[in-house]
Amino acid sequence: MESSRGPPRVKNKAPAPVQISAEQLLREAVDRQEVNLQTPTQRFADLEELKEYQGRKRKEFEDYVRRNRVRLSNWLQYAQWELEQKEFARARSVFERALDVHPNNTQLWIRYVQAEIKNRNINHARNLLDRAVTRLPRVTSLWYQYLYVMEMLGDIPGTRQVFDRWMKWQPDEQAWSAYIRLEKRYGEFDRAREIFRAFTAVHPEPRTWLKWAKFEEEYGTSDTVREVFQTAIQTIAETLGDDAVDERIFIAFARYEARLREYERARAIYKFGLDNLPRSKSMTLHAHYTTFEKQFGDKEGVEDVILTKRRRLYEEQVKENPKNYDVWFDFARLEESGGDVDRTREVYERAIAQVPPTQEKRHWRRYIFLFLFYAIWEERETKDVERARQIYDTCLNLIPHKKFTFAKVWVAKAHFEIRQGQLTTARKTLGRAIGMCPKDKIFKEYILLEQKLYEFERCRTLYEKHVMYNPANCQTWIKWAELERGLNDLERTRAIFELAVSQPILDMPEVVWKAYIDFEEEEGEYERTRALYERLLEKADHPKVWISYAQFEINIPDEAEEEEETEEEAEEKPVSEEAKARARKIFERAHKSMKERELKAERVSLLNAWLAFEKTHGSAEDIEKIQKQMPRKTKKKRKLEDDTWEEYVDYIFPADDQQTKNLSSLLAMANAWKQQAAGAAGGEGAQ
């Protein structure tokens, strides 16, 4: 079987016995065509026979219209037959009878009028058209037929009268255009202007005004063209509203001015259109404006086009959502880049007028930056210091400080006053902030200001108020202590640290303890440092504290050589055996404590630090001793509260493992002794 079937094969390739030629096919096609039947031509011998035939046909037609009066074709065939018989009076009678039945049929009126015109009965046709347009004033074809007849007769005044009658019915635009074309054909341009005036009153659409403007370009002056465009913009805005003003009017007006090389006028028209039209309806206008500036403008003009486009985009966005402060930021930066002071100030004023609707801080976070940017811009760009100060005051008065405040506003106002040389005002501003709504940042900035001015007594006062306001802030205690240490008042520094570590609540107590310990160590008070470590271990028995304690013991010099050594010599000199012994003792204490409390992870970290210490300062035996204490990891499973199991890593220390083995062997020996004692007792009983 073949895999694929090809075209059928012809087995017998011999010619057919009967051959058919192309000529035969064409002949048969002609013979089989249907021949249209034609009415035979009748010939009459005399007038009497003609009259008899006409009477018979009229009787047939009368029977037809009598049986079906509403069928229009019967009347039209009857009237057409009478016209063929040259019986015009009878034909008119038939048409009139038909109009009695179909008075509003446009086809009937047109056939009647055409019959009169064809037979050169012009007056009859004119009267008939007058009747028709009176009867059917909304039918356009009848008016056009009437006007055609009047103009063909050369009766131009009569044609105008017909147009005037028609215009009273306020027809469509084509009718008005036909009237205007009539006046243009006969050079009556003033009449055409009057028609355009009435035309735009009835149809105030933009395309109507564009037609009038084009007419004035051809037959008027530049003043009349400008008048048309200006009237168009004003009339459309008053009649249909500002949204109905089409961008095509502005484009045509500007292009006309550009053709006259009135580039400033064209630029003003483009800008006026872009400022007054919504962005969605002026995309083409903006494209033409861009092209215009590229052709006839300079670099500033092109940039102005871009600014205008972005400005209109921002206007639409803030109109949709006035509380979108990010858009106001972009809008203000745009105007700042444009360099227009009045526009920039207007945008900022509009932006800060959009006060958040609720007194929730999250709604105010972006809003206050409008004031900050506004004030900085007034200070740097316009050099208007009083206006900038007024902006800061307005912002501070607007924020509900009883519910929340913004330290950055108070700080910005204080920095502004300092830049203006008003130090007292800056201090009053920060003092007012601390009195109304104290915050850590305000204290920090105020203290930093006084430090720069070397007013250390003021700094101490501020630190006292700060720790009274927030005693849990560790950085405040540390900075205060650093200040006192910088002033070489060690007793006051030590007292501040003591107050800090004695606080019941601290946000980062380990930072305070570390700063206190580092202070005593740097001052060479090693006994005090050891006492601090011991106090800290009583509160926080953490491996990091033990490791730090051990490192401290390694790094301190011997008491005998303490005064003679310099820092470089201390670094070069190896660690003494006494220091190593002290460090090992601390590691041993720490290891014992972790072991007693069964803190395996902490114990591992401690052993790792101890091993690193021995690798640096110990001998091979010391290292091996610690390595023997290092645990091995093992994976175990434990049951959770929701009856599921989880896998975790556990540490098994050699010492604990050896104790377990010893305990197991002891239990085995006890069990064996118990069995042996039981066997001996059984033997005695048998005896």
Side-chain angles (χ1 to χ4, degrees), residues 264 267-268 270-280 282-283 285-287 289-290 292-294 297-356 363-399 406-422 426 429:
E264 292 301 324
R267 186 175 288 106
Y270 277 124
K271 290 183 178 181
F272 180 79
L274 292 173
D275 291 340
N276 290 273
L277 290 179
R279 182 173 178 271
S280 58
S282 61
M283 300 299 291
L285 178 62
H286 189 274
Y289 184 26
T290 306
F292 168 80
E293 288 293 348
K294 290 180 180 179
D298 51 7
K299 181 180 178 181
E300 294 180 357
V302 176
E303 291 178 353
D304 185 63
V305 172
I306 299 173
L307 289 177
T308 303
K309 181 179 180 180
R310 293 179 60 192
R311 184 181 295 122
R312 298 180 65 251
L313 173 63
Y314 292 141
E315 286 287 358
E316 291 185 2
Q317 291 179 349
V318 298
K319 186 177 181 181
E320 293 176 0
N321 185 10
K323 299 296 188 294
N324 190 347
Y325 301 119
D326 292 328
V327 177
W328 285 112
F329 294 146
D330 296 337
F331 198 178
R333 281 195 293 268
L334 174 68
E335 297 298 348
E336 288 181 17
S337 64
D340 193 333
V341 175
D342 294 333
R343 277 184 177 273
T344 307
R345 191 168 286 155
E346 179 187 359
V347 170
Y348 272 121
E349 291 294 338
R350 289 169 57 194
I352 63 177
Q354 304 300 326
V355 182
H363 293 153
W364 289 69
R365 293 185 185 277
R366 303 291 291 167
Y367 173 67
I368 62 163
F369 280 99
L370 290 171
F371 286 93
L372 297 178
F373 293 157
Y374 187 13
I376 293 172
W377 177 78
E378 289 286 358
E379 180 186 359
R380 296 180 58 185
E381 301 298 331
T382 64
K383 310 298 181 182
D384 194 340
V385 176
E386 290 301 323
R387 182 182 286 272
R389 183 178 286 111
Q390 184 179 0
I391 293 168
Y392 281 120
D393 293 338
T394 303
C395 181
L396 291 174
N397 293 332
L398 196 62
I399 298 173
F406 292 95
K408 59 176 67 67
V409 181
W410 294 102
V411 173
K413 173 65 164 41
H415 288 172
F416 164 76
E417 297 294 351
I418 292 172
R419 287 194 296 272
Q420 309 309 317
Q422 302 293 328
T429 301

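Computed from heavy atoms alone, side chains included, the values below leave out hydrogens, waters and symmetry copies.
How far CG of Asp326 is from CZ of Phe331: 15.0 Å, rounded to the nearest 0.5 Å. The line from CZ of Phe373 to OG1 of Thr344 is 14.5 Å long, rounded to the nearest 0.5 Å. Put simply, CD1 on Ile376 and NE2 on His415 are 11.5 Å apart, with the number rounded to the nearest 0.5 Å. For the atom pair Leu370 CG and Ile391 CD1, the distance stands at 11.0 Å (nearest 0.5 Å). The CZ atom of Arg366 sits 7.0 Å away from the CZ atom of Phe369 when rounded to the nearest 0.5 Å. The CG atom of Leu398 sits 12.0 Å away from the CG atom of Asp393 when rounded to the nearest 0.5 Å.
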Can you list the steps and then say if Glu417 with Arg389 is a side-chain contact (heavy atoms from CB on, under 4.5 Å)? CA-CA 8 Å; Glu417 297 294 351; Arg389 183 178 286 111; 2.9 Å; yes
With salt bridge (Lys or Arg N to Asp or Glu O under 4.0 Å) as the test, would you mind laying out the steps for Glu336 and Arg333 before giving the verdict? CA-CA 5 Å; Glu336 288 181 17; Arg333 281 195 293 268; over 6 Å; no
Using salt bridge (Lys or Arg N to Asp or Glu O under 4.0 Å), reason through Glu379 and Arg387 one step at a time and then give a plain yes or no. CA-CA 8 Å; Glu379 180 186 359; Arg387 182 182 286 272; over 6 Å; no
Verdict with supporting geometry, Ile368 and Ile399, side-chain contact (heavy atoms from CB on, under 4.5 Å): CA-CA 9 Å; Ile368 62 163; Ile399 298 173; 4.3 Å; yes
Tyr374 vs Glu349, test: side chain to side chain donor-acceptor pair (under 3.5 Å). Steps then yes/no. CA-CA 9 Å; Tyr374 187 13; Glu349 291 294 338; 2.7 Å; yes
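At a threshold of 4.5 Å between non-hydrogen side-chain atoms, the residues Ser337 and Leu334 count as touching. Within the 4.5 Å cutoff, the side chain of Lys413 has heavy atoms near those of the Leu396 side chain. For the pair Val341/Trp377, a side-chain contact is recorded, criterion being any heavy-atom separation below 4.5 Å from C-beta on. Using a 4.5 Å heavy-atom threshold, the side chains of Phe416 and Gln422 count as separate. Contact check for Tyr392 versus Thr429: no side-chain heavy atoms found under the 4.5 Å cut-off. The shortest side-chain heavy-atom distance between Gln317 and Asn321 does not fall under the 4.5 Å cut-off. Looking only at side-chain heavy atoms (C-beta outward), Thr394 and Phe371 come within less than 4.5 Å of each other.
Across all non-hydrogen atoms, the minimal contact from Ala414 to Ala426 is O-CB, 3.6 Å. In terms of heavy-atom proximity, Ala388 sits nearest to Ala375 at CB-O, 3.7 Å.
A salt bridge is absent between Glu378 and Lys383; no separation between the charged side-chain nitrogens and carboxylate oxygens falls under 4.0 Å. Using a cutoff of 4.0 Å between basic side-chain nitrogens and carboxylate oxygens, Arg350 and Glu315 are scored as salt-bridged. In this structure, Arg343 does not pair ionically with Glu346, as no charged nitrogen and carboxylate oxygen lie closer than 4.0 Å.
A donor-acceptor pair shorter than 3.5 Å cannot be found between the side chains of Glu335 and Tyr314.
Within the 3.5 Å criterion, the main-chain N or O of Ile352 finds a donor-acceptor partner in the side chain of Tyr367.
Trp328 and Tyr325 have their aromatic ring centers separated by at least 6.0 angstrom.
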